[in-house]
Each structure stands twice: as C-alpha cells, then as structure tokens.
Amino acid sequence: MEMSVLWSLALYFLLVCNGVHVEASNHTHRNLQSLPKEQPYRTAYHFQPLKNWMNDPNGPMYYKGVYHLFFQHNPYTPVPGNIAWGHSISYDLVNWVHLEPAISPSEPYDIYGCYSGSTTILPSGKPAILYTGVDLNNGQVQNLAMPKNASDPLLREWVKSPLNPLISPVDDIDRSDFRDPTTAWQGPDKVWRVIIGGRINAVGLAFLYQSKDFVNWTRSNKPLHSSNKTGMWECPDFYPVRINSQNGINNFAQDKFTKHVLKASFKDQDHYILGNYIPQTDNFSIEYDFMETGFDLRYDYGKFYASKTFYDSAKKRRILWGWVAESDTALDAIIKGWAGIQSFPRSIVLSANGRQLVQWPINEIEKLRTNNVSFEGKELKQGSVLEVSGITASQADVEVSFDLPNLSETESIDPNQVDPQQLCSQKGASTNNGTVGPFGLLALASKDLTEQTAVFFRIFKRDGKRVALMCSDQSRSSLREGLGKPIYGAFVNVDPNDRKISLRSLIDHSIIENFGGEGRTCITARVYPKLAINKEAHLYVFNNGTLNVRISKLNAWSMKRAKLVPYQKERK
C-alpha cells in the first residue's frame, strides 16, 4: 500500500478518535467547487488554505505529536480584511488538515483584526498565543489566548483572556506601529521576555517587555535592538543557533557554542543579524548591523516575508516558514478565489564558518518524490540548452551540481559595484558576453522558450577572490501583461578553493524556490506563465558563458500532490 494511502488512513482514525468528523477524500474537491475549474497556478505541495486570503505564518509549533500552523487569514474573500488566525494541523509538515479559525475578531481590543503573533509553550506544558489586535480606535494592542482544552492535541478551541489587552502602546510608542509579539522566553531569573516590533519616528526597533506571570508585562528601559536605517520592524523573531551543529536548540543560555539570531521584516524583505545575547542583562551585542555594506543578510532575496521559526522538539531542529505573496493583481485573486501561499518548510542552521544561516527544505519533502531522472558528466558548451525530460516540469524538485572551469579567465567586476540585483539585471541569462556563466536552469519554460524563468549563476573576480552571483530572472516568465516580473539577485558565499557550485529548485506551478550553494543563498519567485502550464511546462539546463561548464550531477523528480483534508464539524 502506498505511503500516502497509509497516511490518509492513519490520519482518518486519529482524527475520528479525537472527535473530528472527516468525510471521504472527494470532499476536498467539493470544497473547491466554488473556485474556477481551471487552476494552473494553484500549488500542489506548498501550504495554502482551500480558498481565500492568507498572509503571515503565525505561531507554528509542535504539540502532543501534532504540528500546528496558524496563519493570517480572511475566511470570506481572497483579499485582505476580516483577519483571523487560520489553523491547520499535520503529522508530517507535508499533508494538512484545515481546522476552523483559532481566533477571530470579536472583542473591542481586536474587533478590526487578529493580527500576527506567536505561540509559547509554558512550563505547565500548555501553549499560549500572544497576538496583536486592532482595537476600536485603530490602535494596536497585544492580547493573550489559551486553549479551551489543553488535552486536545488538535487545539480546536481557544479562549481569549478576560484581562486583554495585556500590553498597550503608551508614551512614545506609535499606536499604529506596535505589533507582532515573538515567542517568549524565560531568563535565568524565571522572568518572561518578549519582543514586539515597532518604530519611534524613523527608528525601527524591538521593544522588550518582561513578565513574571505571562499576564502583567513591563516595558524594559531599552529595546533589545534598534536601527535608524530600516524603518518599521514587522514580525520580529529572536532565537538561538548552535555553532558547528546541524541540530536546532531552544535554550537562551549564553555559552561559547551559541549565537543568537534577530530577524526583522522591513522593506518587503526578511533581514537578520547575528550576535551574542546575555540573558542576565538582556544585552544583545551584534556582529554586523542591518543594512551594513557587504553584510546584507536575508533569509531570502526574492518573494519571502513575515517569516516565523519554531523549535521542533520531536526532531531537534528549527524550522522556518515564510509568506510568499502573489505577484499578480487583486482582480486575479478574485478570479482565482485565493491569494497567498507559504514557502515549503525549511530547516535552518548556522553555517560552518558561523557567518550566516543555511536553509534547506525539510527531509519530509522526499516522500512526495516520484519519477526520478538523473544524469552526470554532461558538458555544456556556450549556447547549450539541454531539456530535462521524463518529469512533470510544472511540479518538480531539482538538484544540480556544476563543475566550474579554470577560473584564471574569470571576469572582474568593480569592487564598488556591490548591488547584486542590479548586476543580475545588467548581465542577464540570455547574454553571451560572460565567461563563466550565465549557466543554470530555465524553469516553467514553454517548448519554444518564449516563456521561461531563468535561475542562474555567474562567476566573477572581486578583490582577487572568486564571487558567485545568483540570479532569478522573471522578466520572460509570462506573456501575460500586468504581472510583477522582477529580477532578483544575491551573492553566494562560496569557498574560493571549491570548483563546484550547486542549485536546488522546488517548482510548483506558480512558485520557484531556489537554494544556491547548498542553501547559503535562497531566492523565491512567483510566476504565472500563459503557455508553460501543467503538461506544457518544460525544464532545461543551459549555459550562455563562453567557457564550458560541466554538469557534475543532476537529479530531478516529479512531485506528488500533498493531501489537504478539510475539517468538518461533528455530526449531531
């Protein structure tokens, strides 16, 4: 029996035992009957609700053997508004059960929306939600919700605290820019800490609050960190990472083997910095600040925002979720009946040199792989375009490693020209004037290459060292008008002595997630081909550099569709 069938049966019995009514699998199709029949852009294995609007991931956690994902959700229409906390559960982070919203606007302190926040597991083992509500005066306040029945592993019902709001903006805090509390942590004094994103004038910052009982919170004298280069901080995240370890940790204690990550969402990107946190004093000393030249660290250099991590205690890893917004229009969303998807869950660890984070799709994705195609040792001459046939190119997982030629002939670039996105725009995929590159993949391409999304590398010299530029070019992704078709770019931190470079791409109808240099640089794109849809999509490997590039090894798989089981109220 296929694993997917076993999973469905196990899920069915587990849900029934917990009092959830689940109808036959064709109920999913009945739930989608209100959507247009043609859905070429709906994803197959990325998380999204059955219909309507979704944005930020909220409060992901592992609780009593179940993975929970909450998310910003409009249950009624595919555009922003009426924001509630959507709620879905999974046993493998691949296949999902959609439950009813966990919390919805209902009280004076959240009547205009239950906005982003986080979950925290308390010492009692119970989870708690801290979230931002928009009150009757359009002010942003922080609220608490607890499960009605903590013994229910599905956590289907939540109760808002009668003491809400717990934290309100006062003094110099802008009431319209004060939101998104993080997962809280306890210091050695057993006092809880939480940070909230905000700004004072043009300075973005993480307000730090403390509490002995998780209900009465006091603002600290200084923020955890601030910057005058960023503007407002949204969806902050703060967590420890282990040096020289592939495991995640959840211990905020200070030692020589631990660094701390502070992430802030601003200017449509998720930026992060590394530093050392001293819990006794709440001092966070950073290595490099946000937006410093040469150290512009981001989770993803493409379409990826408002992300949230959580510690998976079952597998001792930290997992990252990110909202991947649409690049089409609100009218397109209304026609489709939905908008917004989540990135595929990524494991996140500190790199071996300790200078950045490394991301990779969680291993559970491999259960969806089928129809493998592989080859190695193929030489790509200038102008080569090699089709990867035998897979479903619109729904695929591709890993390719390239051997690089002698670097003595590599082009030089101006050391002051450090804007990789501009460099990608100037030196695109189709130009033949490069030496080592452009080379890479043409994804979601039409047979005649009229439509294509190029994901590629170019290798340069800068200050006597090799520099790898990674680009994602959506400018030819669709013949449709009125779409966002940006070109993204970032440098990849590569070992100067390494003669290989790798690329992994998750292709899923309207999203392409790219992991360069074994996850050191990530670029995600949304595309909406007119021709290259479903079975008409093709995948190619190409080289337009003057020097030959060798495919060391390529593996590609078609991907099966993940299962979505809609929640049904119990029959009476």
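Because only heavy atoms are used, hydrogens play no part in the values below, and waters and symmetry mates are left out as well, while side chains stay in. Computed from a predicted model, the values in this text were never measured in an experiment.
- Of all the heavy atoms in A306 and K263, the pair that sits closest is C-NZ, 4.1 Å.
- Of the possible polar contacts, one joining the N514 side chain to the I523 backbone as a donor-acceptor pair under 3.5 Å is found.
- In this structure, the salt bridge (Lys or Arg N to Asp or Glu O under 4.0 Å) partners of R193, at least two apart in sequence or on a different chain, are D189, D282.
- Every residue two or more places apart in sequence or in another chain was checked for a ring pair (Phe, Tyr, Trp, His ring centres under 6.0 Å) with Y76, and none qualifies.
- In the displayed structure, N221 atom CG is contacted under 6.0 Å by at most 12 heavy atoms of other residues, nucleotides or ligands.
- E326 and Y528 share a donor-acceptor pair across their side chains, judged by distance under 3.5 Å alone.
- Considering all non-hydrogen atoms of both residues, V66 and Y91 come closest at CG2-CE2, 3.4 Å.
- Screening H98, R156, H68, E100 against H87 for a side chain to side chain donor-acceptor pair (under 3.5 Å) leaves a single residue, H68.
- Side chain of K485 to main chain of S478: a donor-acceptor pair is present (N/O by atom type, distance under 3.5 Å, no hydrogens or angles).
- Residues that satisfy the side chain to side chain contact (heavy atoms under 4.5 Å, CB included) test with N276, not counting sequence neighbours, are K259, S285.
- Side-chain contact check for R318 and N250: at least one donor-acceptor pair (N or O, by modelled atom type) lies under 3.5 Å.
- Judged by distance alone, the side chain of T120 and the main-chain N or O of A184 form a donor-acceptor pair under 3.5 Å.
- Judged by distance alone, the side chain of D312 and the main-chain N or O of R317 form no donor-acceptor pair under 3.5 Å.
- In terms of heavy atoms, P123 sits closest to W192 at CD-CZ2, 3.5 Å.
- Donor-acceptor pairing under 3.5 Å is lacking for the side chains of H46 and Q342.
- Taking the ring centre of W338 as origin, the terminal cationic atom of R42 falls inside the region bounded by 6.0 Å and 45° from the ring axis.
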